[in-house]
Student: 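Encoded as structure tokens, here's the structure I'll be asking about.
Values reported hereafter were calculated over all heavy atoms of this structure, with side chains retained and with hydrogens, waters and symmetry mates removed.
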Amino acid sequence: MQLGNNCKVQNYAMVYEPAVLGEGVFMGPAVVLTNDVFPRAINADGTVKTEDDWDKVGVTINGGAATGSRAVCIALVIIGAWATIAAGAVVTRDVPDFALVAGVPAKRTGWVGKAGLPLHEDNGSWVCPHTGNRSEEHDGGLRELVD
């Protein structure tokens, strides 16, 4: 596992290798990051799987992102920078930067800013109620506007 600087991993979080957590990632209590796309305890011939029988793949969570309590992220997904995963969500697809996702399976329900608050739409752009920063949707994601 790679753990970036300033991450916070809460109690009972399960982070299986080869997960990668970027700088400043928050993992709530009991979050699970899986590492096996096709899990089995035994091989097709009935023999017990050994370490060499697994093709481990990891979840990547980019910088500033947050995962809520008991969220599950299924291996090979990539969580975008500053995204927020709601408590109890099951993430089965990649999540864009700044996306807010919730549900089973998780779907985008809005956008969040770097302060972690939901953004509000204002004349075609998205505004952070805390910082006042503006962003625009672009190619299925969100990008901050620079003044």
Student: Are the side chains of Ile74 and Val72 in touch, meaning some heavy atoms are under 4.5 Å apart?
Tutor: yes
Student: Using the side-chain hydrogen bond (donor to acceptor under 3.5 Å, both in side chains) criterion, which residues pair with Lys107? Sequence neighbours excluded.
Tutor: none
Student: Measuring from Tyr16:OH to Met1:CE, what's the distance to the nearest 0.5 Å?
Tutor: 12.0 Å
Student: For Asp55, does the CG atom have more than 12 heavy-atom neighbours from other residues, nucleotides or ligands under 6.0 Å away?
Tutor: no
Student: About how many Å separate CG of Leu21 and CG of Leu3, when rounded to the nearest 0.5 Å?
Tutor: 6.0 Å
Student: Between Thr34 and Val32, does a side-chain contact (heavy atoms from CB on, under 4.5 Å) hold up when you go through it step by step?
Tutor: CA-CA 6 Å; Thr34 70; Val32 178; 4.2 Å; yes
Student: Taking atom CG of Leu142 and atom CH2 of Trp126, what is their separation to the nearest 0.5 Å?
Tutor: 8.5 Å
Student: Count I, L, V, M, F, W, Y as connected when their side-chain heavy atoms are under 4.5 Å apart, and connections chain through other members. Are Val25 and Ile85 then in the same cluster?
Tutor: yes
Student: Between Leu33 and Val31, does a side-chain contact (heavy atoms from CB on, under 4.5 Å) hold up when you go through it step by step?
Tutor: CA-CA 7 Å; Leu33 306 182; Val31 169; 4.1 Å; yes
Student: Can you name the side-chain hydrogen bond (donor to acceptor under 3.5 Å, both in side chains) partners of Ser69, sequence neighbours left out?
Tutor: none
Student: Where the side chain of Thr67 meets the backbone of Phe26, is there a donor-acceptor pair that is under 3.5 Å apart?
Tutor: yes
Student: Taking all atoms of both residues into account, what is the closest heavy-atom pair of Pro129 and Pro118, and its distance?
Tutor: CD-O, 3.4 Å
Student: Applying side chain to side chain contact (heavy atoms under 4.5 Å, CB included), name anything that partners Val57, two or more places apart in sequence or on another chain.
Tutor: Val37, Ala75, Leu76
Student: Which pair of heavy atoms, one from Cys7 and one from Gly22, lies closest together, and at what distance?
Tutor: SG-O, 3.0 Å
Student: Would you say the side-chain atoms of Asp45 and Thr47 include a donor-acceptor pair closer than 3.5 Å?
Tutor: yes
Student: How about Met27 and Gln10: do any of their side-chain heavy atoms sit closer than 4.5 Å?
Tutor: no
Student: Which residues pass the side-chain hydrogen bond (donor to acceptor under 3.5 Å, both in side chains) test with Glu23, not counting sequence neighbours?
Tutor: none
Student: Could you pull out all residues at least two apart from Asn6 that satisfy side-chain hydrogen bond (donor to acceptor under 3.5 Å, both in side chains)?
Tutor: none
Student: Check for a donor-acceptor pair, side chain of Thr131 on one end and backbone N or O of Asn133 on the other, with a separation under 3.5 Å.
Tutor: yes
Student: Quick one: do Arg40 and Asp53 satisfy side-chain contact (heavy atoms from CB on, under 4.5 Å)? Show the steps, please.
Tutor: CA-CA 10 Å; Arg40 290 285 186 259; Asp53 293 319; over 6 Å; no
Student: What's the separation between atom CE in Met14 and atom CG in Asn35, rounded to the nearest 0.5 Å?
Tutor: 12.5 Å
Student: At what distance, to the nearest 0.5 angstrom, does SG of Cys73 lie from CD1 of Ile79?
Tutor: 4.5 Å
Student: Assess whether atom CD of Glu17 is packed by more than 12 heavy atoms of other residues, nucleotides or ligands within 6.0 Å.
Tutor: no
Student: More than 12 non-hydrogen atoms from neighbouring residues, nucleotides or ligands closer than 6.0 Å to NZ on Lys8, yes or no?
Tutor: no
Student: Check the pair Glu137 / Trp111 against side-chain contact (heavy atoms from CB on, under 4.5 Å), numbers first and verdict last.
Tutor: CA-CA 10 Å; Glu137 287 188 51; Trp111 298 107; 3.5 Å; yes
Student: Taking the basic N atoms (NZ, or NE/NH1/NH2) and the acidic carboxylate oxygens, is any pair closer than 4.0 Å for Lys114 and Glu144?
Tutor: yes
Student: Scan the side chains in residues 88-104 for donor-acceptor partners under 3.5 Å anywhere in the protein, sequence neighbours excluded, and list what turns up.
Tutor:
residue: Asp94; atom: OD1; partner: Ile78; partner atom: N; Å: 2.8
residue: Asp97; atom: OD1; partner: Ala81; partner atom: N; Å: 2.8

Student: Atom CZ in Arg70, atom OH in Tyr12: separation rounded to 0.5 Å?
Tutor: 10.0 Å
Student: Surrounding CD of Gln2 (heavy atoms of other residues, nucleotides or ligands, distance under 6.0 Å), is the total greater than 12?
Tutor: no
